Chemist: 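My questions will all concern the structure given below.
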Amino acid sequence: MSTPTTPSRILVLGAGSAMAQAYARRRAATGAAFLLVGQNAARLSAIADDLRAGGARAADIATLDLADLAGIEAEAAALRRRLGEPDEVLIAYGGLGDQATSERDLGAARNALEVNFVSVALWMLALLKDRPAAAPLALITIGSVAGDRGRASNFVYGAAKGGVDRFLEGLAQKYAGTPVRIVTVKPGFVDTPMTDAIAKGPLFASPDAVGADIVRAVEKRRRTVYTPWFWGPIMTIIRHLPWFVFKRLKI
């Protein structure tokens, strides 16, 4: 029987993510089978080839628009039939968007909220629906430190990630004591294509470091992990700043 440390079947939603790839490479070394989901078939095929070369016993792909709300329930059922009930699910897709654009364009704001929160929540519900009670699962979702407190610089994206946090917290309570484990990953700045427009500094982490932290969190059965580790104390301070101080900060 597979265990959370030696997963047999892994479903990756947003497999083109650099963080997802770093995580998957480590799991490939255990001989896991993957179903990689995203929009770019050529990119997914290249990632699948890389995982098979790295030890995965299988790596298949599925091209989907993960933010298509109407299709989530049917697509989730189809993916589960194709792979079998996964031992691990990694939800790694999303988009930073542009705060100024979202404030001017309600369509852009709606898209940011639907991509980063609504669709993610619906995928979780669909993947958990009618799951066999005894089937182990680590449900891993990449959130963000941006969800810890609303900030003027990115409150639309931050609100979506904050919603994911509360949703995962509720799921964790619901499934406490069952074979389903909820793992929330909160990266800070990561050097990926999504952050290309942001000047890099000492707080940036590599996708490989984040991937290692995700695997470590699952193996140590942690519910929440900040990555890199120093974002934990940083966000603790930010969450507890009094309003009269916080409102003056340009963050």
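The figures here come from the full heavy-atom set of this structure, side chains too, leaving out hydrogens, waters and symmetry mates. In this text the structure is predicted, and so the values were computed from the model without any measurement.
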Chemist: Are any non-hydrogen side-chain atoms of L137 and P179 less than 4.5 angstrom apart?
Modeler: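 No. Closest side-chain heavy atoms not under 4.5 Å.
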Chemist: Would you check if there is a donor-acceptor pair between the side chains of S8 and R57 at a distance under 3.5 Å?
Modeler: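 Checked: R57/S8 side chains pair up, N/O donor to acceptor below 3.5 Å.
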Chemist: What is the minimum heavy-atom distance between I47 and A15, and which atoms define it?
Modeler: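 Residues I47 and A15, closest heavy atoms: CD1-O, 3.4 Å.
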Chemist: What I want to check is whether the side chains of D98 and Y157 have a donor and an acceptor closer together than 3.5 Å.
Modeler: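 No, no side-chain donor-acceptor pair sits under 3.5 Å.
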Chemist: Atom CZ in R131, atom OG1 in T178: separation rounded to 0.5 Å?
Modeler: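 Those atoms lie 9.5 Å apart.
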Chemist: Please round to the nearest 0.5 Å and tell me the distance separating atom CD1 of I72 and atom CG of L122.
Modeler: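 Answer rounded to 0.5 Å: 4.5 Å.
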Chemist: V225 and K186: side chain to side chain contact (heavy atoms under 4.5 Å, CB included), yes or no, with the steps?
Modeler: CA-CA 6 Å; V225 57; K186 294 188 176 186; over 6 Å; no
Chemist: Would you compute the distance between atom CG of D148 and atom CD1 of I234 and round it to the nearest 0.5 angstrom?
Modeler: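 CD1 of I234 is found 11.5 Å from CG of D148.
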Chemist: Going by heavy atoms in the side chains, are I91 and L139 under 4.5 Å from each other?
Modeler: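 They are in contact (side-chain heavy atoms under 4.5 Å apart), so the answer is yes.
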Chemist: Are any non-hydrogen side-chain atoms of F34 and R9 less than 4.5 angstrom apart?
Modeler: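 In short, these two side chains do not touch, never coming nearer than 4.5 Å.
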Chemist: Should we say atom CD of E85 is surrounded by more than 12 heavy atoms from elsewhere, each under 6.0 Å from it?
Modeler: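 Above 12, so yes.
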Chemist: Answer yes if the side chains of E169 and Q173 hold a donor-acceptor pair under 3.5 Å, and no otherwise.
Modeler: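 Their side chains do not contain a donor-acceptor pair, so the 3.5 Å distance test is not met.
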Chemist: Are V37 and W123 close enough that some pair of their side-chain heavy atoms sits under 4.5 Å apart?
Modeler: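 In short, these two side chains do not touch, never coming nearer than 4.5 Å.
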Chemist: Mind checking the CG-CD spacing from L106 to E103? Nearest 0.5 Å is all I need.
Modeler: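 Answer for the CG-CD pair, L106 versus E103, is 11.0 Å.
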Chemist: I'd like to check P207 versus Q21 (side-chain heavy atoms, cut-off strictly below 4.5 Å). Are they in contact?
Modeler: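 In short, these two side chains do not touch, never coming nearer than 4.5 Å.
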Chemist: Establish, yes or no, whether the cationic atom of R149 lies under 6.0 Å from the six-membered ring centre of F246 and within 45° of the ring axis.
Modeler: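 That pair qualifies as a cation-pi contact.
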Chemist: Would you say I140 and E88 make side-chain contact, with heavy atoms under 4.5 Å?
Modeler: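 A side-chain contact under 4.5 Å exists here.
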Chemist: Is any side-chain heavy atom of K161 closer than 4.5 Å to one of F117?
Modeler: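 Result no, sub-4.5 Å side-chain heavy-atom pair not found.
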Chemist: Go through V120 and Y93 one step at a time and tell me if the side chain to side chain contact (heavy atoms under 4.5 Å, CB included) criterion holds.
Modeler: CA-CA 8 Å; V120 172; Y93 72 93; 3.6 Å; yes
Chemist: Can you tell which of L11, I10, V183, I142 makes a side chain to side chain contact (heavy atoms under 4.5 Å, CB included) with L90?
Modeler: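 Among the candidates, only I142 passes.
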Chemist: Is R26 salt-bridged to D208, cutoff N-O under 4.0 Å?
Modeler: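 Between D208 and R26 there is a salt bridge, with a charged N closer than 4.0 Å to a carboxylate O.
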Chemist: Return the CG to CD1 distance between L36 and I61, rounded to the nearest 0.5 Å.
Modeler: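 CD1 of I61 is found 8.0 Å from CG of L36.
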Chemist: For the CZ atom on R82, are there more than 12 heavy atoms of other groups (residues, nucleotides or ligands in this structure) within a distance under 6.0 Å?
Modeler: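 Enclosed: over 12 neighbouring heavy atoms sit under 6.0 Å from CZ of R82.
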Chemist: Which value, rounded to the nearest 0.5 Å, describes the distance between D130 atom CG and L127 atom CG?
Modeler: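 Rounded to the nearest 0.5 Å, the CG-CG separation comes out at 12.0 Å.
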Chemist: Does A217 offer a backbone N or O that forms a donor-acceptor pair with the side chain of R221 under 3.5 Å?
Modeler: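 Between the backbone of A217 and the side chain of R221 there is no qualifying donor-acceptor contact (under 3.5 Å).
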Chemist: Return yes if some donor-acceptor pair links the side-chain N/O of N111 with the main-chain N/O of G107 below 3.5 Å, else return no.
Modeler: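 A pair under 3.5 Å: no.
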Chemist: What I'd like to find out is whether the side chain of T141 reaches to under 4.5 Å of the side chain of T184, using heavy atoms alone.
Modeler: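 They are not in side-chain contact.
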Chemist: Between G95 and V115, what is the shortest heavy-atom contact and its length?
Modeler: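 Answer, listing the atom of G95 first, then V115: N-CG1, 4.2 Å.
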Chemist: Between S17 and Y23, do the side chains contain an N or O donor and an N or O acceptor separated by less than 3.5 Å?
Modeler: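 No.
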